[in-house]
**Q** 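The structure under discussion is supplied below as structure tokens; questions concerning it will follow.
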Amino acid sequence: QVQLVESGGGSVQAGGSLRLSCAASGRTFRGYAMGWFRQAPGKEREFVASISWSGGDIYYVDSVKGRLTISRDNAKNTVYLQMNSLRPEDTANYYCAANPGLRVAATPDYWGQGTQVTVSS
């Protein structure tokens, strides 16, 4: 059974940092893109960042460029999201996702259960 388990969420003040982790298990993820989406209360889920198996293809939504950094450790089947200079508008439930290919799709094959990030002003 495939599982994506997020951790690292929490509450911080604006300007602070958090590091999210997503541990994948249940199959080989070679050749899979992994990434992050987020959903704020009353809003639709939006794409945040994606990274390919090799790390050579990385994408971000414009609003997080320069502040959030995605990375992965294939030996640990884990993807990370380093979040710096956090803003109140980054407050959301963050979801890990995975699918074959170079980039996570709008409807990935696999989802995690989510981890809450709250940024106070």
**Q** Identify whether the distance between the nearest side-chain nitrogen and carboxylate oxygen of Asp62 and Lys65 falls below 4.0 Å.
**A** yes
**Q** I need the minimum non-hydrogen distance between Gln116 and Asn93, along with the two atoms involved.
**A** N-OD1, 3.4 Å
**Q** Could you state whether Ile58 and Leu68 fall into the same hydrophobic cluster, counting links through intermediate Ile, Leu, Val, Met, Phe, Trp or Tyr residues with side-chain heavy atoms under 4.5 angstrom apart?
**A**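 Per the 4.5 Å side-chain linkage, Ile58 and Leu68 are co-clustered.
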**Q** Quick one: do Met34 and Cys96 satisfy side chain to side chain contact (heavy atoms under 4.5 Å, CB included)? Show the steps, please.
**A** CA-CA 7 Å; Met34 298 186 72; Cys96 181; 4.1 Å; yes
**Q** Is Asn99 reaching over with its side chain to a backbone N or O of Ala105, donor-acceptor style, under 3.5 angstrom?
**A** yes
**Q** For residues Arg45 and Trp111, determine if any side-chain heavy atom of one lies less than 4.5 Å from a side-chain heavy atom of the other.
**A**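 Counting from C-beta outward, Arg45 and Trp111 do come under 4.5 Å.
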**Q** Quick one: pull up CG in Asp90 and OG in Ser63 and give me the separation to the nearest 0.5 Å.
**A**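 That separation rounds to 7.0 Å.
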**Q** Taking Asp73 for its side chain and Thr78 for its backbone only, find out whether a donor-acceptor pair lies under 3.5 Å.
**A** no
**Q** Within the distance-only criterion (no hydrogens, no angle test), does the side chain of Ser52 pair as donor or acceptor with the backbone N or O of Asp57 below 3.5 angstrom?
**A** yes
**Q** Answer yes if Trp53 and Ile70 sit in the same cluster of Ile, Leu, Val, Met, Phe, Trp and Tyr residues linked by side chain heavy atoms under 4.5 Å apart, and no otherwise.
**A** no
**Q** Is it true that Glu44 and Gln39 share a donor-acceptor pair across their side chains at a distance under 3.5 Å?
**A**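 The criterion, which ignores hydrogens and geometry beyond distance, is not satisfied for Glu44 and Gln39.
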**Q** To the nearest 0.5 angstrom, please state how far the CD atom of Gln3 sits from the CD atom of Gln113.
**A** 9.0 Å
**Q** Hydrophobic clustering (ILVMFWY, side-chain heavy atoms < 4.5 Å, transitive) - are Phe37 and Tyr80 grouped together?
**A**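 In one cluster: no.
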**Q** Quick one about Arg38 and Tyr94 (side-chain donor to acceptor, distance below 3.5 Å, no hydrogens or angles considered), yes or no?
**A** yes
**Q** Between Ser50 and Ala33, what is the shortest heavy-atom contact and its length?
**A** OG-CB, 4.3 Å
**Q** Output the distance between atom OG (Ser25) and atom NZ (Lys76), rounded to the nearest 0.5 Å.
**A** 15.5 Å
**Q** Looking only at heavy atoms, what is the nearest atom pair of Phe29 and Ala24, with distance?
**A**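 Phe29 and Ala24 have their closest heavy atoms at CE1-CB, 3.5 Å.
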**Q** Could you walk me through whether Trp36 and Phe47 pass the side chain to side chain contact (heavy atoms under 4.5 Å, CB included) check?
**A** CA-CA 6 Å; Trp36 296 89; Phe47 166 81; over 6 Å; no
**Q** Would you confirm whether Thr91, through its side chain, and Val119, through its main-chain N or O, come within 3.5 Å as a donor-acceptor pair?
**A**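 Pair found, side chain donor or acceptor close to backbone of Val119.
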**Q** Got a sec, which pairs hit salt bridge (Lys or Arg N to Asp or Glu O under 4.0 Å) with one end in residues 10-33, sequence neighbours left out?
**A** none
**Q** What heavy-atom pair brings Gly9 and Leu20 nearest, and what distance separates the two atoms?
**A** N-CD2, 3.6 Å
**Q** Within a strict 4.5 Å, meaning less than it, do heavy atoms of the Ser7 and Thr115 side chains meet?
**A** no
**Q** Find out if a path of hydrophobic residues (ILVMFWY) with successive side-chain heavy-atom gaps under 4.5 Å connects Val64 to Val12.
**A**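 Cluster IDs for Val64 and Val12 match.
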**Q** Mind listing the closest non-hydrogen atom pair of Ser121 and Pro88 along with its distance?
**A**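 Nearest pair, atom of Ser121 first, then Pro88: CB-CG, 3.9 Å.
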**Q** Tell me whether Arg103 forms a cation-pi arrangement with Tyr59, defined as NZ or CZ under 6.0 Å from the six-membered ring centre and within 45 degrees of its axis.
**A**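 Yes, Arg103 lies over the aromatic ring of Tyr59.
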**Q** Could you state the interatomic distance from OG (Ser21) to CG (Leu81), rounded to the nearest 0.5 Å?
**A** 9.5 Å
**Q** Under the side chain to side chain contact (heavy atoms under 4.5 Å, CB included) rule, what do Tyr95 and Leu4 come out as? Steps first, then yes or no, please.
**A** CA-CA 9 Å; Tyr95 297 90; Leu4 303 179; over 6 Å; no
**Q** Going by atom types only, do Asn84 and Ser17 share a side-chain donor-acceptor pair under 3.5 Å?
**A** yes
**Q** Treating Glu6 as the side-chain partner and Gly114 as the backbone partner, does any N or O pair qualify as donor plus acceptor under 3.5 Å?
**A**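 The answer is yes, because a donor-acceptor pair under 3.5 Å joins these two groups.
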**Q** I'd like to check the ring pair (Phe, Tyr, Trp, His ring centres under 6.0 Å) partners of Tyr110; sequence neighbours left out, ordered by chain and number.
**A** none
**Q** Please lay out, stage by stage, how Val79 and Ile51 fare under the test side chain to side chain contact (heavy atoms under 4.5 Å, CB included).
**A** CA-CA 9 Å; Val79 64; Ile51 185 169; 4.0 Å; yes
